[in-house]
Amino acid sequence: RKQLLAREMGLEPPATVELQESDKEIDPLQVSVLSVSSFIAQMRTVVGDGEATESARAQAARQLVRLAEAGVPGADPEQWWATQTVAEERPLNNKPRLSPSRIEALLKCPLNAMLKDTADNNSDKYHLVRGNLAHAYMEALGRGADEELARRETVEAFEKIQTSPTWKRAQERDEFEQLLVRTNQWIQETRGVLELVDVEVRVDVESEPGVRITGYMDRLERAVGEGGEEGGLRVIDLKTGSSKPSDEETSAHPQLMAYQLVLAHGELQQEGGLTKVVSSSQGEERDGATLVYPGTDTKKIGTADQARKGDEELAEFAALLPPLLDELAGPRVTARISPECDRCPLKPICPVQAEGKVTTDVNA
Ligand code: SF4
């Protein structure tokens, strides 16, 4: 094989030697496959081999030039990922903002938080739209819609997005309707201790100079005391999944912490009949924040309550945010290994994973 290769490259073929018994064992990594990509890989290996002779490297390069000129895919260095420089060095975003729902993902792994959506498949989109429909139903109830009508319309919309096999659809539809029924049940059960301020409350607050938090609160409620007296504001976030965080996780839940931070640095404002939270030096009185899980398989609707956070705890949380804005601004983004990596769709191109290094490590 060495002789053949040398002849193809116009080199002096090495002298033939008698094979010893041990030499006859085949190293699978050295076996060359008769394919275009395998031949190009061989040429590339020789070109980049610091121990190969100058003439061998020059000959391999000459062969690659010939192949590239003939339009053979993979022969032109322009098509070699590992030899390309970074495409863009300018910031990706000059005025990045944080949304409460993305902070948790950015804290875990900024690369995943920024690129996962591009890799998500259709099944994830189905869950996204299903969640959006449940939120739309909750919003409709908050704006005074008739419960039965809102539920019927939402279930009909859900039926239109179903792509599962026919035998499964009735069960999925019933489960979705049950989710809506239980969402309404939670709302009814909490009247008396909570009083609705507004739904889909727009947030645009600067928690400190340069750190802007924007997004929406599913529901903003005011706590009501036993004697009917008004308490602080409580943010409610609807979750359509069924895995509830532990008490410890809820206490440090970044999305809920972000909502509390927003209320500590904001004030309610009315605009066109809608409530907004905008920056203010005063801050609003807070009662805490709650995740509601109507999809849990328990008689009582699952909730995860985060108690009111003091100024010190909120300041500690706020200190985590500026580095996240740097990540969003780019152009360099951190990939951080965590237990989430096993489920991450970006693993094949992630630079800190063995699978992704091949395509992303420029200096490899
Ligand atoms: S594989 Fe892990 S480190 Fe890489 S992007 Fe995904 S979550 Fe981040």
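Everything numeric in this text was worked out from a predicted model, so none of it was measured.
Side chains of Glu221 and Val235 form no contact here, defined as non-hydrogen atoms less than 4.5 Å apart. By the 4.5 Å heavy-atom criterion applied to side chains, Leu106 and Leu98 are counted as neighbours. Residues Leu261 and Ile213 meet the side-chain proximity criterion, which asks for heavy atoms closer than 4.5 Å. Side-chain atoms of Leu34 and Phe39, non-hydrogen and from C-beta on, never get closer than 4.5 Å to each other. With contacts defined as side-chain heavy-atom distances shorter than 4.5 Å, the pair Ile301/Tyr293 does not qualify. Residues Asp237 and Tyr259 form a side-chain contact, since some pair of their non-hydrogen atoms from C-beta on lies under 4.5 Å apart. Counting heavy atoms from C-beta on, the side chains of Gln269 and Val277 never come closer than 4.5 Å. Pro331 places none of its side-chain heavy atoms less than 4.5 Å from the side chain of Arg90.
No donor-acceptor contact under 3.5 angstrom links the side chains of Gln178 and Asp174, judged on distance only. Defined by atom type and a distance below 3.5 Å, a donor-acceptor pair is present between the side-chain atoms of Ser164 and Glu172. Counted by atom type alone, Tyr216 and Glu139 present zero donor-acceptor pairs between their side chains at under 3.5 Å. One side chain, Lys239 or Gln255, offers a donor N or O that lies under 3.5 Å from an acceptor on the other.
Dense packing is recorded around CD of Glu89, with more than 12 heavy atoms of other residues, nucleotides or ligands lying under 6.0 Å away. Counted within 6.0 Å of CD on Glu248, heavy atoms from surrounding residues, nucleotides or ligands total 12 or fewer; the atom is thus considered open. Summarising the local packing, CZ of Arg143 is surrounded by more than 12 heavy atoms from other residues, nucleotides or ligands at distances under 6.0 Å. Counting heavy-atom neighbours within 6.0 Å of Glu148 CD, excluding the residue itself, gives a total of 12 or less. Atom CD of Glu156 is surrounded by more than 12 heavy atoms from other residues, nucleotides or ligands within 6.0 Å. At most 12 heavy atoms of other shown residues, nucleotides or ligands fall within 6.0 angstrom of atom CZ in Arg66.
Under the 4.5 Å side-chain heavy-atom criterion for grouping Ile, Leu, Val, Met, Phe, Trp and Tyr, Leu67 is connected to Val36 within one hydrophobic cluster. Hydrophobic clustering keeps Trp186 apart from Val224 (ILVMFWY residues linked when any side-chain heavy atoms are closer than 4.5 Å, directly or through intermediates).
Thr190 contributes a side-chain N or O that, together with a main-chain N or O of Ile187, makes up a donor-acceptor pair within less than 3.5 Å. Distance alone, capped at 3.5 Å, is enough to place a donor-acceptor pair between the Ser338 side chain and the Glu340 backbone.
Contact check on Lys276 versus Asp204 returns no salt bridge, with no Lys/Arg side-chain nitrogen under 4.0 Å from an Asp/Glu carboxylate oxygen. Between Glu195 and Arg222 no salt bridge is recorded (no basic side-chain N to carboxylate O distance below 4.0 Å). Between Glu206 and Arg212 no salt bridge is recorded (no basic side-chain N to carboxylate O distance below 4.0 Å).
Under the rule for a salt bridge (charged side-chain N to carboxylate O under 4.0 Å, His left out), Arg130 has no partner lying at least two apart in sequence or in another chain. Residues satisfying the side chain to side chain donor-acceptor pair (under 3.5 Å) criterion with Gln270, sequence neighbours excluded, are Thr275. Remark: Lys244 engages no residue in a salt bridge (charged side-chain N to carboxylate O under 4.0 Å, His left out) (not counting sequence neighbours). A search for ring pair (Phe, Tyr, Trp, His ring centres under 6.0 Å) contacts involving Phe176 returns Phe158, not counting sequence neighbours.
In the hydrophobic clustering (ILVMFWY side chains linked at under 4.5 Å, chained through shared members), Leu196 is joined by Val199.
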Take Arg202 and Thr214, measure what side-chain contact (heavy atoms from CB on, under 4.5 Å) needs, and give me the verdict at the end. CA-CA 8 Å; Arg202 173 116 179 84; Thr214 61; 4.3 Å; yes
side-chain contact (heavy atoms from CB on, under 4.5 Å) assessment of Leu220 paired with Arg234: CA-CA 6 Å; Leu220 185 60; Arg234 177 164 284 266; over 6 Å; no
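Residues in residues 53-64 take part in these salt bridge (charged side-chain N to carboxylate O under 4.0 Å, His left out) pairs, two or more places apart or across chains: Glu54-Arg57.
With respect to Thr183, the side-chain contact (heavy atoms from CB on, under 4.5 Å) criterion is satisfied by exactly one of Val292, Thr240, Leu238, Leu141: Leu238.
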